[in-house]
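Here the structure comes first, spelled out in C-alpha cells, and everything after it is commentary.
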Amino acid sequence: MTTHDGIAKGWTRDQMAARAAQELQDGFYVNLGIGIPTLVANHVPEGMTVTLQSENGMLGIGPFPFEGEEDADLINAGKQTISELPHSAYFDSAQSFAMIRGGHIDLTVLGAMEISETGDIANWMIPGKMIKGMGGAMDLVAGVKKIIVVMEHCAKDGSPKFIPACTLPLTGKNVVDMVITDLAVFARPDHNSPFRLIEMAPGVTAEDIAARTTAHYIS
Amino acid sequence: MTTHDGIAKGWTRDQMAARAAQELQDGFYVNLGIGIPTLVANHVPEGMTVTLQSENGMLGIGPFPFEGEEDADLINAGKQTISELPHSAYFDSAQSFAMIRGGHIDLTVLGAMEISETGDIANWMIPGKMIKGMGGAMDLVAGVKKIIVVMEHCAKDGSPKFIPACTLPLTGKNVVDMVITDLAVFARPDHNSPFRLIEMAPGVTAEDIAARTTAHYIS
Amino acid sequence: MSKKLYPNATAALDGLLKNDILIASGGFGLCGLPERLLDAVRESGVTGLTFVSNNAGIDNEGIGKLLRTKQVRKMISSYVGENKEFERQYLAGELEVEFCPQGTLAERMRAGGAGIPGFYTKTGVGTLVAEGKEVKNFDDQDYILERGIVADLALVKAWKADETGNVVFRKTARNFNVPAATCGKVCVVEVEEIVPAGSLDPDSIHLPGVYVQRMIVGAPYDKKIEFRTTRSREAA
Amino acid sequence: MSKKLYPNATAALDGLLKNDILIASGGFGLCGLPERLLDAVRESGVTGLTFVSNNAGIDNEGIGKLLRTKQVRKMISSYVGENKEFERQYLAGELEVEFCPQGTLAERMRAGGAGIPGFYTKTGVGTLVAEGKEVKNFDDQDYILERGIVADLALVKAWKADETGNVVFRKTARNFNVPAATCGKVCVVEVEEIVPAGSLDPDSIHLPGVYVQRMIVGAPYDKKIEFRTTRSREAA
C-alpha cells in the first residue's frame with residue numbers, strides 16, 4: 001500500500017497491527033494506544049484470552065457499544081464510548097497507574113514519531129508546535145513489561161524515524177523492546193542489547209531497509 | 001479512687017474518658033486507642049455524630065455484637081469482635097493509613113508511658129523487655145490532627161510520667177496536644193507552645209500537681 | 001437529613017473560594033466532570049486560580065468555561081488537547097501550564113492526600129519532565145522525585161452518596177475523582193443521588209465519608225460524550 | 001473453568017517456593033489470614049524465609065506455625081504480641097525482626113506494587129524507626145525516606161473471586177491483603193468461593209484480576225476469633 005520511494009509493497013496498517021498481535025500471549029493484560037495500536041484488538045488469536053486495560057480506569061475493555069447504548073460514563077483513554085465485558089473491573093486513576101507503573105501490565109503497543117537505536121522513544125511533543133501533553137504515555141513506557149512501537153518506517157517527507165538518537169523531546173529513555181513498521185520488524189532481547197532486524201514485509205529487501213534507516217541495528 | 005501518696009481523690013478511668021470526650025465535636029472522625037481511650041465512645045454527647053475509625057480498615061465502628069452474632073471478619077484494631085453501623089465503610093490497610101497519615105482523622109485518644117514537656121510521647125517499648133511493636137501508634141501520632149493522651153499521672157512506683165524529656169524510646173516527637181491524667185488536664189494551643197495546666201480533679205490542688213510533675217508547664 | 005448536604009453548588013462553595021487558590025478537579029475529559037461546581041466557581045468570579053486536573057476541558061465545557069472568563073492562571077495537567085481558547089492563551093503567554101505525566105499526576109494527588117510529600121518514580125526519567133528534579137538511584141535504576149499535591153479545595157463528581165458522605169462512582173467516571181477528593185483540604189462532591197445511610201454496601205464504598213465535607217445533588221445531568229463510537233447491530 | 005484456579009494450596013505454590021525468599025502475607029491478627037497457603041508453605045519445608053506481614057500469628061496459627069518449624073529467618077512486622085515461640089526465638093537471637101510502623105508497612109507494600117521504590121513520611125521522625133534513614137525537609141517539616149517492598153510471593157485470603165481473578169474481600173478481612181497482593185511478583189489467592197465471570201459488580205472489585213496469578217478455593221473455613229467481645233441482648 002504505502003509507497004516508500006520505489007518500494008511497491010509494505011504492510012498495511014492492519015497488517016502491522018496483526019504483526020503486533022503475534023506478540024500476545026494467553027492471559028496477557030495489555031494496554032493499546034490510539035491509532036494503529038487500537039487495531040491490535042481485532043487480531044487476538046482464537047482461543048486466547050487477552051484483557052485490555054484502559055488507563056482512565058478499566059480492565060476488560062469491550063467493543064464499541066451498539067448504537068443507542070452509548071454510556072457517557074464508559075469511555076476509553078481516547079474518550080471514545082466503549083462497552084464492558086463480564087470480567088471488567090473499574091478503578092480510579094491512581095490505582096490504574098499503580099498497575100501500570102508497578103509492572104503489572106504485560107504489554108503495550110503505541111505509536112511514535114521517532115525511535116532511537118538505544119530504545120528511546122519520542123511521541124509527545126514537537127518544539128514550536130502546540131503541546132497537548134504526554135497523557136499517560138510516559139507512565140506506560142516507564143512501567144509496562146514489554147513496549148512495542150508501531151509506526152510508519154519513514155516520515156511523510158521520507159526521512160527515517162528509526163534513527164541513532166531522537167531529535168524530539170523524549171517520552172522515555174531506553175524503554176522500547178520492539179519496533180514494527182510498514183516495512184520491517186526490529187527487536188531486542190533486553191535493554192542492554194542492540195536491535196536486530198527480524199522480519200521484512202513481502203518484497204522488501206535488507207537493502208531497502210538499510211537505505212531507509214539511520215539507526216544502527218544487527219541484520 | 002486512685003491514691004497518689006496522700007491525695008484521696010482523682011478522676012476514675014471513666015471520668016478521664018469523659019473528660020477526653022469533651023474534646024469531641026459534631027462530625028468528628030476519631031480513632032480511639034486500647035484501654036481507657038476505648039471508654040471515650042461511651043461519652044459521646046447526645047445528638048452529636050462522631051464516627052470511629054479502626055486502623056485495620058473501617059469507618060463507623062459499632063458496639064460489640066450481640067452474643068452469637070460475632071463475625072471473625074469484623075474486628076477492631078484490638079482484634080476484638082465489633083459490629084457495623086448503617087454508615088460503616090471498609091477499606092484496606094494502605095487506604096486506612098493514607099487517611100491517618102494524610103490528616104483526615106480529627107482526633108485520636110491514646111495511652112502513654114511517658115510524655116515530655118515538649119509533647120514527645122513514649123508508649124511502645126521498654127528497653128530490656130520484650131518488644132511487641134508499635135502497631136499503628138507512630139502513624140496515628142504523626143498524622144492525626146489532634147492528639148490526646150489519657151494516662152495515670154504517676155507510674156505504679158509513684159514516679160511522674162509527665163516529665164522534662166522522655167527516658168523511653170519515642171513513639172512521636174512533639175506531637176501531643178493534650179494530656180489528661182487522673183489528677184489534671186494539660187493542654188497547649190500549638191506545637192510551639194508549652195503545656196498549660198487547665199483543670200484539676202476535685203480536691204486536687206496546684207501544689208499536689210506540682211509535687212507529682214517534673215515537666216515544666218504554665219499554671 | 002445530611003449535615004453535609006447543601007442546597008446548591010453556590011451554597012456548597014460559600015466561604016471556600018478565594019482568588020489564587022489551588023483547586024483539584026476530578027474528571028477525565030468530560031467523563032466524571034464536576035460541572036455544577038465548576039459552573040459555580042465561574043459564577044463566583046474568583047480569579048488567579050491554579051487547577052490540578054488531568055485535562056483542561058474542551059472549548060465550552062468544564063474548566064474550558066473558566067478559561068474563557070480568564071479566571072485560571074495555571075493548569076497542572078497531563079493532556080490539554082481539543083481546546084482553542086486554551087491554545088490561544090497558552091501561546092499568548094497568558095496561561096501557565098505544568099505538564100505532568102498522567103500517572104504521576106494521579107499519584108501526586110493520592111500522595112498529597114496520604115501525607116506523603118514526595119515519592120520516587122521511573123516515569124519521565126531522562127525526559128523534560130525530569131528537569132530540575134532530584135534523581136536518585138535505587139537498586140541500580142534512576143528515579144525522579146515527584147511532590148505530593150495538597151489542594152485548597154477539591155471538586156468531585158460522583159454517582160451516589162449516602163447521607164454521611166460515603167460515595168460511589170459509576171464505571172470510568174471514577175477516574176481522577178478519588179485522588180482529587182483525597183488531596184483537598186476541603187472536598188465538595190456533586191452527586192446524582194443522595195441515598196439513606198445503609199443503602200450502600202459498606203464493602204463497596206469508593207470514597208469513605210471522612211474525605212467528604214460538603215455535598216450537593218447536581219441532577220438532572222445531561223452527560224456529554226466527546227467521541228461517540230458505536231457498532232451497528234447488523235455487524236454483531 | 002478458570003485458567004488461574006488450582007486444585008489445592010500445594011499445587012498452587014508449585015514452583016514458587018524456594019529457600020530464603022521474601023513472602024508478603026495478608027491478614028490482621030487471625031482476620032483475613034491466608035491459612036491454607038501458609039500451611040502449604042510449612043509442609044513444603046522451605047526455610048530461611050523472610051515474611052513481611054503485619055503480625056507474626058499466634059502460637060499455633062498463621063505464621064506462628066512456621067516459627068515452630070524454624071522456617072522463618074526474619075519478620076518485617078508492626079506488632080508481634082501474643083506469641084511465645086516468637087518471643088523465645090527472638091530473645092535467643094534465632095529470629096531477626098524489623099519493626100515497621102503499621103501505616104508505613106502498608107504503604108511500603110503498596111509502593112512496591114505501584115513501582116515506587118521510596119517515599120517520604122512523617123511517621124517515625126525522631127524515633128528509633130528513623131535511625132539510618134535519609135531525612136528530608138519539605139515545607140519546613142522533616143520526613144524520612146521509606147522503601148517500597150517487592151516480594152517474591154504474595155499470599156492472600158479473600159472472600160470471592162470470579163474465574164478471571166477479580167477479587168472481593170469481606171469487612172475488615174480486607175486489611176493487608178490488598179497491599180500484599182500488589183507487591184508480589186507472583187500473587188496466590190485463597191478464596192471462600194469462585195463465582196462465574198459477570199457475578200461480581202465491576203464497580204466493586206477490590207483487587208482486579210491483573211494482580212492475581214493463581215487461586216485456590218480454601219473452603220470450608222473455621223474462622224477463629226482472637227478476642228470474642230459481645231454485649232448481652234438484655235443490655236440493648
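If you're wondering where the values come from, they're calculated on a predicted model, not measured in any experiment. Chain identifiers are assigned alphabetically (A, B, ...) following the order of the sequence lines, protein sequences preceding nucleic acid strands; residue numbering begins at 1 within each chain. Side chains included, hydrogens not; waters and symmetry mates left out as well; all remaining heavy atoms used.
- Here the closest non-hydrogen pair linking A/A72 and C/C31 is O-SG, 3.5 Å.
- Distance check, rounded to the nearest 0.5 Å: NZ of A/K132 to CZ of C/F86 gives 10.5 Å.
- Side-chain contact between C/V178 and A/F91 is absent, with no heavy atoms from C-beta onward closer than 4.5 Å.
- In this structure, the side chain of C/S78 does not engage the main chain of A/M134 through any donor-acceptor pair within 3.5 Å.
- There is no contact between A/I100 and chain C, counting heavy-atom distances below 4.5 Å.
- When all heavy atoms of A/G133 and C/Y79 are compared, the closest pair comes out as O-CD1, 3.6 Å.
- Although no hydrogens or angles enter the test, the distance criterion places a donor-acceptor pair under 3.5 Å between the side chain of C/T172 and the main chain of A/D73.
- By the 4.0 Å N-to-carboxylate-O rule, C/K223 lies too far from A/D71 to be salt-bridged with it.
- Comparing C/R170, C/E226, C/K122 by heavy-atom pairs within less than 4.5 Å of chain A, the highest count is held by C/R170.
- In this structure, the portions of A/I131 lying under 4.5 Å from any heavy atom of chain C include both its backbone and its side chain.
- Contacts of C/R110 with chain A are made by side-chain atoms alone, with heavy-atom separations under 4.5 Å and no backbone atom involved.
- The structure places CG of C/L30 at 7.5 Å from CD1 of A/I75, a figure rounded to the nearest 0.5 Å.
- The most heavy-atom pairs under 4.5 Å with chain C, out of A/A89, A/A77, A/A137, come from A/A77.
- Nearest heavy-atom pair across A/G172 and C/T127 is N-CG2, 4.1 Å.
- Contacts between A/N76 and chain C at a heavy-atom distance below 4.5 Å involve the backbone alone (N, CA, C, O).
- Annotation: the span from A/M138 atom CE to C/C100 atom SG amounts to 10.0 Å, rounded to 0.5 Å.
- For chain A, the nearby part of C/N55 is the side chain; its heavy atoms alone come within less than 4.5 Å.
- With a 4.5 Å cut-off on non-hydrogen atoms, C/V125 touches chain A through its backbone but not through its side chain.
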| task | Decide side-chain contact (heavy atoms from CB on, under 4.5 Å) for C/R231 and A/F66; before the verdict, give the C-alpha distance in whole Å, the side-chain angles of both, and the deciding distance to 0.1 Å. | result | CA-CA 5 Å; C/R231 60 188 152 144; A/F66 289 120; 3.7 Å; yes
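- Contacts of C/Y221 with chain A are absent, with no heavy-atom separation under 4.5 Å from either backbone or side chain.
- In this structure, chain C has a heavy atom under 4.5 Å from the side chain of A/E84, while its backbone stays farther away.
- A heavy-atom distance below 4.5 Å is found between the side chains of A/D92 and C/P179.
- Counting only heavy atoms from C-beta outward, the side chains of C/N175 and A/Y90 never approach each other to under 4.5 Å.
- At distances below 3.5 Å, not a single donor-acceptor pair connects side-chain atoms of C/T230 with backbone N or O atoms of A/P65.
- Between chain C and the residues A/A94, A/S96, A/S88, A/G57, the most heavy-atom pairs under 4.5 angstrom are made by A/A94.
- Between A/M125 and C/F99, the closest side-chain pair of non-hydrogen atoms is not below 4.5 Å.
- Of the two parts of A/T171, only the backbone, made up of N, CA, C and O, holds a non-hydrogen atom closer than 4.5 Å to a non-hydrogen atom of chain C.
- Taking C/F169, C/F28, C/W159 one by one and counting their heavy-atom pairs under 4.5 Å with chain A, the maximum is reached by C/F28.
- For the pair A/F97 and C/E107, the minimum side-chain heavy-atom distance is 4.5 Å or more.
- You'll find the side chain of A/E69 reaches within 4.5 Å of the side chain of C/R233, heavy atoms only.
- Considering NZ of A/K79 and CD1 of C/I58, their distance stands at 9.0 Å, rounded to 0.5 Å.
- Of the possible donor and acceptor atoms, one in the side chain of A/R101 sits under 3.5 Å from a partner among the backbone N and O of C/G103.
- Between C/R228 and A/E67, no side-chain nitrogen of the basic residue sits less than 4.0 Å from a carboxylate oxygen of the acidic one, so the salt-bridge criterion is not met.
- A 6.0 Å sphere centred on NE2 of A/H191 holds more than 12 heavy atoms belonging to other residues, nucleotides or ligands.
- For C/T123 and A/D139, the side-chain atoms include at least one donor-acceptor pair closer than 3.5 Å.
- Of the listed residues (C/P101, C/S77, C/A111), the greatest number of heavy-atom pairs within a distance under 4.5 Å of chain A belongs to C/P101.
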